[in-house]
Amino acid sequence: MAESVLNIPDLKDLDGEELWDLINDNRHAISLGVRPCVVIPYLRQARVLTDLDEDEILTCLNFTNRGMKTSHMLDLLRVQGHNGAMALLESLMIHYPTLYTRITGRQPSIEPSGFSGLINYTELTEYLVRAVSSMQTELQVARHEAARLQARCCQLEGKLEQAQLNNEELSQMQGEHARLRSHLDGLNRELLKLKDEKCDLYVRYTTALEEKSASIIRNRDLQLEISQLQHELKKAQKETDFERQRSLKYPSDTQKLKDELNAVRAKLLETETLFPVQQDILAHDLKEVENRRSELAEEVTRLSEENIRLQQEKEELLEEKDCLALEVEKLTVDCEMYQHRSTLFHSQLEEVQAERDKAYLSRDEAQAQIARSLAEKDVLRGQLMELQARVFAMKACSKQRERGEKSRDRKFSCDSNRGSCSEFPPSSPTPRRQLCRLNAILPESLNSDDGCEFSEEAICSISSNQVEPPCSESLRRRDFPSRSDMEDIYSSQDSLNFDHDFVFISKGDSFDESKSLVSLPCSTSRRSPNDSVSRASAPPFLMRSRPQALRVTGRVLNVFFQGEMLLNQIQVIGGNKSGVFVHHVTEGSSAHNTGISPGSQILQLKYEREQRAVRMVLEDTTMEEALWAMGQVQGPCHITLRPSQDAYENLLQQLKNGEVMSGDSFYIRVNMTMSGDLAGTLEVKCNDILHVTDTQHSDDGSWWASHVHPCHLEDLKSGTLPNYYRAQRLLIRALEDMTYPRKTQRKEKTSSHEKQRAARIVITGQQSRNPLWVSVEDVNNTAQDSDGCVPSRCVTLMPYTLVSPRFPPICRPVLLLPTLLGRVLHKRLAEQEGYQLCEPELLMASEHAIQMQKGEILEECDSKTHLCYTLQGVEKIMKRGTHCVLPLGLDCVRRLHRAEIFPIIIYIMSTERSLRKLRQKLRQNVLTESQVMECSCSEEPLLDKLPCLYQSIPPESWHDSGTLIDTLKSVVTEEQQKIVWVESDTW
């Protein structure tokens, strides 16, 4: 071996290609075994590498492992030729002697003659000294680390013994748990067997009860049949006795006739045996008798006729008497039968009550047993939860210990591997960012703010609630929302939550701040929809927090596109009843490129106007309002759609068949009188109810409306009607004409009632939009001032008010006005059939406070004694099927409406001439005509402020109190059949 080494030429004598051939032959071993951070200092001293080369080798991100860095270092040294190869071999001789021997076949030597001279002697000595000192330091550190690892190993051995003991205890507990589980399974099987036996017993018991009930019912039917047959038998006996008595009367009459016949025959025999003289005498007497006989015959015939008539009357009376007696006997038998049946029914009812009481007792016992079983089950569940918690805790502790030991071992290995290059920068690349899941919302966690609350609810839902036995009156049920309800809530919230699509940033903010806002969806999701509009910051501009795209949430589509001249891009049909649908999309427009197609329902519009975000909900708006809202869009907009092809096709089919004129349908109450001067214009009066079916009938701003049948929801005469703003201007003009009449109008004499009917003053708070519209939220509207368009400012007068139909039950309460005149007529009207006066009730202090808080007190007669008129009193009278006469004022109307009770309001128009007819009644109630007139004048203006219609009785329709009561009854009957129209409270 020594001879082979002596025969190898010196490395200094070899040229660069030969040296690099030696190095390349072992390039793989050098790339795997050499650390660049160790040999680079010597290469820097030899001036074959620069500081830029060092930075490139150690910090370049393209080199992801140590082999790539070493290979790149060899490539850089190859450029240096012979010097690079010599410097590399000398650095390997110092730091990697084994690898040096493998490459060159020589033993490493630190003699100065063994170096190539690239580094002078002084620098080489210093470098070797530093290398030796660093190696000694590393050796000391390694020894200390070995001692520490030895101590740590002893410590871990102790912990391992403890863990083994814990593992043995855990195995014992698991065995005990398995034994308890098997025992529990056995008990459950026994319980199931007992339940099956119990169910069999219940089945047998129910079948026996059914057979018993069937036999009882059959027995009752047989008893009823027997009683009915007995009743028929008694009836037949009575009829037989009656016929027998009638038949006994006729033999006595025949016997009398026979006696008379025998007497006449005896007289004839006597006359045949007389002498001639006696015969002459008898003949003379016979003539005289014949003369008298003619007179007596007439008398006898008259008496006989009268006797016959009396006999007939007697016989008829006797027959009637017998029939009545028979009926009495039949009724007696029926009464006895019904008494017998009633006793049977009472006895059967007592038996049923006894069975019911037994069933109640058995039910209570079963419920108590169920409650006890639930309580025992909860205790067992709690114990099971505790055992599972202990098992999970012990498993977690064991896993945590294993993880900690692995992490420590990994840390120690990393520290030992990194000890040689700790003073240099790390050579590993920057780790990549891990993929993060996007924010998602579970339907089950909608109502919880964090995961802790949800987990607590989930844990609490395992145990049973309300294990107390229920009372005999009712069963206590535990109600929880079903999954379908939760999914409906989730879909509705998800379809209407649009706050994640936009964020507001001020113009001075940077893009990084906007990113920070977008990165916190939880904070933005909890804001209300109007928070973005009401921020008190610099004028914001609208910016999308996500790229322009189509987002699908359930069945709702949110689309963002350039919405300038939106009405030229999209044509819509529909209205508040059917919804607003996309009917046509212009090809090549932004809406068409975004993917909007006909048949989609428009739910919402979002856009920016005057540096403020505007949100319009079009889900239940009229066609007029929807077109106005879409006309306001003059830039980027965010439209929310819902695919609803079936509803769209249904609307098209109805429009084609002429069933509807549009998708609009709502009812209004007209507050002014308008004449139908033009052809096709609908003539309306104040307080008329109209059904509006088209809000875009013509371009001049006209609606299409119809009169409504007073008793049914049927459309009558139809025609055009000015829209809200045109009617508003007409109302203002009519009020000006009433206030400042012209000369031609001053000659016309109209009554105060006709003036009142000409217009009804209804006001609302000043708003910048139509009070009938509901879509715009917090926006300053500016529009044109032409017919059919929105003016710059909406005045407070309302020509129309929205109403909704109500169908109250029969016998509505009756309220008579004026109040003083009603006091006179209340008792008189309550005396009529079908009417009853509402009486005040005396309440306790606690009851008075509770009902006052609930709003159930209509009016107080005396606040000290708590004598009040209550809603309960009115409802009691209504349930009897009678009209409740209310001796109250107008203040009770709204309280009754809140309780869904709609009284019939009758206003009796009073004049001095009509009140003279009731002068006597007024004096009896200590009232004067002037007081009634003053009350009438004060209450008449308040009638227009009621949210419902009322009926007036003119003074010429009655002439005294009797006819007035009859008129009131006819008006109540007529109003009872009508529909009640109620408007929203705008006062």
Side-chain angles (χ1 to χ4, degrees), residues 1-50 53-54 57-58 65-142 416-417 419-421 423-424 427:
M1 182 66 185
E3 294 177 358
S4 63
V5 173
L6 292 175
N7 294 330
I8 296 175
D10 192 2
L11 295 178
K12 299 177 184 179
D13 299 335
L14 298 175
D15 56 356
E17 292 299 330
E18 294 177 353
L19 292 175
W20 279 109
D21 289 339
L22 294 175
I23 294 172
N24 289 332
D25 293 339
N26 298 276
R27 186 183 182 94
H28 181 68
I30 295 172
S31 299
L32 294 179
V34 176
R35 294 177 177 271
C37 58
V38 176
V39 298
I40 282 176
Y42 183 81
L43 299 176
R44 287 284 308 279
Q45 290 287 339
R47 295 178 180 84
V48 293
L49 289 179
T50 63
D53 296 335
E54 181 183 2
I57 293 169
L58 297 177
N65 53 47
R66 189 179 64 189
M68 296 175 67
K69 294 180 180 181
T70 306
S71 179
H72 183 65
M73 181 184 69
L74 295 177
D75 294 338
L76 294 177
L77 293 174
R78 179 64 182 270
V79 178
Q80 299 296 329
H82 183 271
N83 293 336
M86 290 301 298
L88 176 61
L89 293 174
E90 290 173 0
S91 63
L92 294 178
M93 182 178 63
I94 297 173
H95 296 285
Y96 299 96
T98 306
L99 187 58
Y100 174 78
T101 304
R102 178 180 177 181
I103 295 172
T104 61
R106 293 175 175 272
Q107 293 295 330
S109 175
I110 58 174
E111 293 294 331
S113 60
F115 291 89
S116 61
L118 295 175
I119 304 176
N120 56 26
Y121 181 76
T122 306
E123 293 177 353
L124 179 60
T125 304
E126 291 177 358
Y127 181 79
L128 293 175
V129 170
R130 286 198 302 270
V132 171
S133 61
S134 63
M135 290 179 181
Q136 291 177 353
T137 304
E138 291 177 2
L139 181 60
Q140 292 178 359
V141 171
S416 61
N417 294 331
S420 59
C421 57
E423 57 184 1
F424 300 104
S427 61

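All values derive from a computational prediction rather than experimental measurement. As a basis for the values below, the full set of heavy atoms in this structure was taken, side chains included, without hydrogen atoms, waters or symmetry mates. Numbering starts at 1 and runs along the sequence shown.
Considering only residues two or more places apart in sequence or on other chains, Asp75 meets the side chain to side chain donor-acceptor pair (under 3.5 Å) condition with Arg27. For Thr50, the side chain to side chain donor-acceptor pair (under 3.5 Å) partners are Asp53, not counting sequence neighbours. For the side chain to side chain contact (heavy atoms under 4.5 Å, CB included) test, residues two or more places apart in sequence or in another chain that qualify with Leu32 are His28. Applying the salt bridge (Lys or Arg N to Asp or Glu O under 4.0 Å) test to Arg102 and every residue at least two apart in sequence or in another chain returns nothing. Applying the side chain to side chain contact (heavy atoms under 4.5 Å, CB included) test to Gln80 and every residue at least two apart in sequence or in another chain returns Val48.
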Working for side-chain contact (heavy atoms from CB on, under 4.5 Å), residues Val39 and Ile94: CA-CA 9 Å; Val39 298; Ile94 297 173; over 6 Å; no
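One finds the CE atom of Met93 at 13.0 Å from the CG atom of Leu99 (value rounded to the nearest 0.5 Å). Once rounded to the nearest 0.5 Å, the distance linking CD1 of Ile30 with CG of Leu88 reads 5.5 Å. Considering CD of Glu54 and SG of Cys37, their distance stands at 10.0 Å, rounded to 0.5 Å. Annotation: the span from Ser31 atom OG to Arg66 atom CZ amounts to 10.0 Å, rounded to 0.5 Å. Rounding to the nearest 0.5 angstrom, the gap separating the OG1 atom in Thr98 from the CG atom in Leu92 is 11.0 Å.
Residues Val34 and His95 form no side-chain contact, since every pair of their non-hydrogen atoms from C-beta on lies 4.5 Å or further apart.
Looking at every heavy atom in both residues, Leu74 comes nearest to Trp20 through O-CH2, 3.7 Å.
Between the side chain of His82 and the main chain of Leu14, a donor-acceptor pair closer than 3.5 Å is present. Formation of a donor-acceptor pair under 3.5 Å by the Ser91 side chain with backbone atoms of Ala87 is found in this model. Using modelled atom types, one side-chain atom of Tyr96 and one backbone atom of Arg35 make a donor-acceptor pair closer than 3.5 Å.
Looking at Leu43, Leu49, Ile57 one by one, the single match for side-chain contact (heavy atoms from CB on, under 4.5 Å) with Pro36 turns out to be Ile57.
The salt bridge (charged side-chain N to carboxylate O under 4.0 Å, His left out) contacts involving residues 78-87 comprise Glu17-Arg78, where partners must be two or more places apart or lie in separate chains.
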